[in-house]
**Student:** 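Before I ask anything, here is the structure I am working with.
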There are 2 protein chains.
Amino acid sequence: MNLTIDYLQKALSGKFELALLDELVRYSQFKQVPVGAYLIRPGEYIRSVPFILNGSVKIMRPDKEGREVLLYYLGELDTCAMSLTCCLGSKQSEVTAIAEEETELIAIPVEKVDEWMCRFPTWKQFVFQTYQKRFDNLLATIDEVVFHKLDERLLTYLHKKTESCQCRVLTVTHEEIAQEMATSREVISRLLKQLEKNGQIQLMRNKIEIL
Amino acid sequence: MNLTIDYLQKALSGKFELALLDELVRYSQFKQVPVGAYLIRPGEYIRSVPFILNGSVKIMRPDKEGREVLLYYLGELDTCAMSLTCCLGSKQSEVTAIAEEETELIAIPVEKVDEWMCRFPTWKQFVFQTYQKRFDNLLATIDEVVFHKLDERLLTYLHKKTESCQCRVLTVTHEEIAQEMATSREVISRLLKQLEKNGQIQLMRNKIEIL
DNA sequence: CGGAATCAGTGACTTTTATCACTCAGAACA
DNA sequence: TGTTCTGAGTGATAAAAGTCACTGATTCCG
């Protein structure tokens, strides 16, 4: 697909001024990312900041032993704050980013992200809003793991997931959930059964319907 | 005390250009904060960004039921990234900030923080480095609570605390530790006893020596 | 079709953490 | 000096989460 001002204008619907849209088209690169593809892995350097047009991306935090936790999802018109700082400080990534659905995004070169901040107030505002959102996301994640038990966490996990993919029936295995919540499959299976008993969900093979 | 360029120059030792130091002195306010004082409480609005000259400040995340967790410490030449975004977006604080020691800081008005970013490259760099650091802090906190057991968490808690206050003997009760780690006093008492048995710490009334 | 692979369910048990109930030591203070 | 308060230690027990071992069901594919 070709990146055009028309397209961006529709997608961003008045979020940015025309001059900025023009530069976005001129300097950034359109990308289509298939489900399951890695946008970034820990340790890699990031050379451009992804700006998601549609689809969704999950951000995971791994530890040394191969486990990992879901931090949050990025969706439409979201940007990764970590990649911002990583780029500007040319630091390696601390997280994994995986396309949860087929995702379309534009990759913006770091220099431009930096340059535009002073030239376009809407861009600066956007960048800081992004930081704000990510901090809130991380704090929400901390709230979950510190203050809530697994069954509650599982429920909010399911709800967030349905939000992110916009459908009531999730296609996911217990094993996958366990990995994203850094626990074991059996535990998740049992808790899911419990939630089903309580009438909060409906279990099927590979699928979970949220009621 | 009076805020002078000389003083700041010494404190910041070449971090910022003279013109910026000049504006720092002109527009910000020097503050001395006693131990235990609240810099900010959740729900309050922040009108200026604190820049810590010396001392240390602990940032806590509360939940609705009155419990809270320690997120990280701010020390010399640190700034709170959350207050940055909160200010710029005029949002309420999501966290509590308490002076862990007697702390000296300068309060910088939001408009200046914003304005200087385009005028002083060192300032912009500083702001983004701050975001970087806070993200790293939050990720480290998440690592702890998700991947580590309480005894390990307790040990890193103690080590961070000694770092922040620069002494090997902490003056703290088991109850306080329990609160900052969102658990109960008995649990902490037992784990501390265990650490003492392993020769990692030495317990005294109101005091813990790290070996 | 039939075997292999993947996913889910579950009993039995352990470990970790939380909670309750109480004792004891030292500090504080009148 | 004795009483009160705060901090700490600890046994008993419960609840939550993790682990092991196995079974059964469904899907996939040669």
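All values reported here derive from a predicted model rather than from experimental measurement. Worth knowing before you read on, the calculation uses all heavy atoms, side chains too, and leaves out hydrogens, waters and symmetry mates. To find a chain, count down the sequence lines: A is the first, B the second, and so on, and within it residues start at 1.
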**Student:** Counting neighbours of NZ on A:Lys160 that are heavy atoms of other residues, nucleotides or ligands and sit closer than 6.0 Å, is the number greater than 12?
**Tutor:**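 Yes.
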
**Student:** Answer yes or no: are there more than 12 heavy-atom neighbours, outside B:Lys197 itself, under 6.0 Å from its atom NZ?
**Tutor:**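 No.
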
**Student:** Quickly work out the B:Leu192 CG to C:dT17 C1' distance and round it to whole Å.
**Tutor:**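 In whole Å, C:dT17 C1' lies 15 Å from B:Leu192 CG.
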
**Student:** Separation of A:Ile201 atom CD1 from C:dA8 atom P, in whole Å?
**Tutor:**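 Answer to the nearest Å: 11 Å.
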
**Student:** Nearest whole angstrom, please: distance from the P of C:dA8 to the CZ of A:Arg190.
**Tutor:**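 Atom CZ in A:Arg190 sits about 15 Å away from atom P in C:dA8.
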
**Student:** Return the value, rounded to whole Å, for the distance between atom NZ of B:Lys207 and atom P of C:dA27.
**Tutor:**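 Interatomic distance, NZ of B:Lys207 to P of C:dA27: 11 Å.
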
**Student:** Under the criterion side chain to side chain contact (heavy atoms under 4.5 Å, CB included), which of A:Arg41, A:Gln179, A:Glu68 is the partner of A:Met60?
**Tutor:**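 That would be A:Glu68; it is the only one of A:Arg41, A:Gln179, A:Glu68 passing the side chain to side chain contact (heavy atoms under 4.5 Å, CB included) with A:Met60.
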
**Student:** Toward the 5' end of DNA chain C, which comes first, A:Lys193 or B:Val187, by nearest nucleotide?
**Tutor:**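 Per heavy-atom nearest nucleotide, the more 5' residue is A:Lys193.
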
**Student:** For B:His174 and C:dG26, give me the distance from atom NE2 to atom C1', rounded to whole Å.
**Tutor:**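 B:His174 atom NE2 is separated from C:dG26 atom C1' by 14 Å.
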
**Student:** Between P on D:dA17 and NZ on B:Lys149, what's the gap in Å once rounded to a whole number?
**Tutor:**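 Distance, rounded to whole Å: 16 Å.
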
**Student:** Have a look at B:Ser184 and say if it touches a base, only the backbone sugar-phosphate, or nothing, with a 4.0 Å heavy-atom cut-off.
**Tutor:**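 Counting heavy atoms under 4.0 Å across all strands, the contact made by B:Ser184 includes a base.
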
**Student:** Let's test your reading of the model: under 3.5 Å, does the base of D:dG18 pair with the side chain of A:Arg185 as donor and acceptor?
**Tutor:**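 Flag unset: no donor-acceptor pair detected.
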
**Student:** May I have the distance from B:Leu191 (atom CG) to C:dT17 (atom P), rounded to whole angstrom?
**Tutor:**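 Result: 7 Å.
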
**Student:** Could you state the CD-C1' distance from B:Gln179 to D:dG7, rounded to the nearest angstrom?
**Tutor:**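 That distance rounds to 13 Å.
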
**Student:** With nearest nucleotide decided by heavy atoms, which residue, A:Thr183 or B:Met204, maps closer to the 5′ end of DNA chain D?
**Tutor:**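 Nearest nucleotide further toward 5': that of B:Met204.
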
**Student:** Side chain of A:Arg205 only, heavy atoms from C-beta on: which candidate in D:dT27, D:dT10, C:dA27 is closest?
**Tutor:**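 Closest nucleotide among those given: D:dT27.
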
**Student:** Regarding C:dT17, can its base be found pairing with the side chain of B:Arg153 as donor and acceptor, where the two atoms are less than 3.5 Å apart?
**Tutor:**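 Counting by modelled atom types and ignoring angles, no donor-acceptor contact under 3.5 Å is found here.
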
**Student:** Between A:Asp143 and B:Lys64, does any side-chain N to carboxylate O distance fall below 4.0 Å?
**Tutor:**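 Judged by the 4.0 Å cut-off on N to carboxylate O distance, A:Asp143 and B:Lys64 do not form a salt bridge.
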
**Student:** Going by atom types only, do A:Glu144 and A:Thr156 share a side-chain donor-acceptor pair under 3.5 Å?
**Tutor:**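 There is such a pair (donor and acceptor under 3.5 Å, judged by atom type) between the side chains of A:Glu144 and A:Thr156.
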
**Student:** Counting side-chain heavy atoms from C-beta on, which of D:dA8, C:dT17, D:dT19 comes nearest to B:Asn206?
**Tutor:**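 In terms of side-chain proximity for B:Asn206, the closest of D:dA8, C:dT17, D:dT19 is D:dA8.
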
